[in-house]
There are 2 protein chains.
Amino acid sequence: MDKKEQIINAAVQVFAKQGLNKGKIADIAIQAGIGKGTVYEYFKSKDEIFQAIENIFISDTLDYVEEIESSNDSSTKKIEKICNISLDLHSQMDDSMLIIAELWAQNTRGQLQGHDSTLFVGMYNDYFDIVSRILKAGVRQKEFRKMNVKGVATALLAMLDGIIWQSLIFTNDKEFSRRKTAAIKAFMNGIII
Amino acid sequence: MDKKEQIINAAVQVFAKQGLNKGKIADIAIQAGIGKGTVYEYFKSKDEIFQAIENIFISDTLDYVEEIESSNDSSTKKIEKICNISLDLHSQMDDSMLIIAELWAQNTRGQLQGHDSTLFVGMYNDYFDIVSRILKAGVRQKEFRKMNVKGVATALLAMLDGIIWQSLIFTNDKEFSRRKTAAIKAFMNGIII
DNA sequence: AAATTCCGACCGACCGGTCGGTCGTTTATA
DNA sequence: TATAAACGACCGACCGGTCGGTCGGAATTT
């Protein structure tokens, strides 16, 4: 396996379990089955590892959503698929979500201090544009009711984020699992003709 | 001013700016205008300061929402007021939101010793129950359409969280500000008769 | 009311553990 | 054998938490 990737995978595991700060480079090395010094052959600093994780998350997310958009599914199906990312997420990538939460906070803080942090913002705007286009197409094709596309797109993205956010503390809560599904169904009912 | 409160206020400022880990007890002391040792006269550890902040956030939030519920406003007005918490939040308490984001992640990880992670969960369930009751009353009074109350309540809470979450990175973005308002309007249109 | 004792809030120098990052050495590879 | 890759002991900055000491004022004694 590519060693850089191997280190990133180890880092995700360690950071998810320990947090960005408590997660030690030494632990990452152990987890990756290599020496600590080797980590520094591939990354200049701990910060650079954070960056790498963030970049992968962002490009993975966008790739996935773009793939959905360019498929031949109906608009309804496309939106449903996007919703399912949040529903399924727990089984698939909740490790990285914990990390993203912290990176997000760090990012915001960087912004406050004047750092340039267009990455997350850019991802959001791209995501928003894609969802907006799908919604607009759905309206045109009479799948969805007439709507304020920007408003609905924002509401949808916010809801999906919120669900992920809440899923973090409601791990393994059957009742919450049902609520999530009901929420998305309620949303779909609100837009589908 | 009560010194404990004074320390907590200083801590919120410091942690919001530096993060939970980088925020130093020494800085809190300086910010509070007291000596470092004095901090430890009022709090046993840094962790205990985290918990104090978390407790205040939770009880403030619930107090506020309970106050809205028990008012004489129409159900529509009540839901609108709850939505406005997320909209206005930025000007009022965005400092603490950054901290809450990190505490939330820590909580999930179960890293805080002696910390009862049912606090956030409990707050959410209470919040959910209150919103559900308001929605149900609104339906009964023919203000709202018939709906799956659990689904809509979950969707609403998730959307509000998501908006806060996104607001963190879209600071001072006029366009996003408009999107937020449009999102909430879209939601209200979906439920009001 | 002056002098003395007592109290505890306040302080910050210091200690000890931690961990990111370095670098000289060892091992693998070409 | 030369070059590159891997390694982990080591360094030192950093910071949470401690503790012996200070000091202003309240209580008590004279």
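In what follows, every chain begins at residue 1, and chains take the letters A, B, ... in the order their sequences are listed. Being a predicted model, the structure only gives us computed values, none of them experimental. Only heavy atoms go into these numbers, but all of them, side chains included; no hydrogens, no water, no symmetry mates.
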- Query: With no hydrogens and no angle check, is any side-chain donor or acceptor of B/Glu143 less than 3.5 Å from a backbone partner on B/Ser75?
  - Reply: yes
- Item | Interatomic distance, A/Ile49 CD1 vs C/dG20 P [rounded to whole Å] | 9 Å
- Among D/dA6, C/dC19, D/dG17, find the nucleotide with the atom closest to the side chain of A/Lys24. C/dC19
- Donor + acceptor pair across side chains of A/Ser71, A/Asp73 (<3.5 Å): yes
- Query: Tell me: CD of A/Glu48 to C1' of C/dG20, nearest whole Å?
  - Reply: 14 Å
- Exam field: side chain A/Arg145 to backbone A/Gly190, donor-acceptor pair closer than 3.5 Å: yes
- Query: C/dC19 phosphate, OP1 or OP2: any side-chain N/O from A/Lys22 under 4.0 angstrom?
  - Reply: no
- How long is the line joining CD1 of A/Ile25 and P of D/dG8, in whole Å? 16 Å
- Task: Could you pick out which residue, A/Gly23 or B/Gly37, lies toward the 5' side of DNA chain C when each is mapped onto its nearest nucleotide?
- Result: B/Gly37
- Message: Expressed as a whole number of angstroms, how long is the span from B/Glu41:CD to C/dC11:P?
- Response: 10 Å
- Should B/Tyr42 be listed as having a side-chain N or O under 4.0 Å from OP1 or OP2 of C/dC10? yes
- Query: Do A/Phe120 and A/Thr108 come within less than 4.5 Å of each other through their side chains, counting heavy atoms only?
  - Reply: no
- Would a 4.5 Å heavy-atom cut-off, applied to side chains only, mark A/Leu156 and A/Ile79 as touching? yes
- Query: How many Å lie between CZ on A/Phe43 and C1' on C/dT22, as a whole number?
  - Reply: 18 Å
- Answer yes or no: does a side-chain N or O of B/Lys36 lie under 4.0 Å from OP1 or OP2 of C/dG12? no
- Item | Between P of D/dC14 and CG of B/Asp27, the distance in whole Å | 13 Å
- Looking only at side-chain N and O atoms, does B/Thr38 come under 4.0 Å of OP1 or OP2 in C/dA9? no
- Euclidean distance, atom CG of residue A/Asp2 to atom C1' of D/dA5 [Å, nearest integer]: 14 Å
- Task: Can you tell me the distance, in whole Å, between the CD1 atom of A/Ile34 and the P atom of D/dA4?
- Result: 20 Å
- Query: From C/dC14, C/dG21, C/dC10, pick the nucleotide closest to the side chain of A/Tyr40?
  - Reply: C/dG21
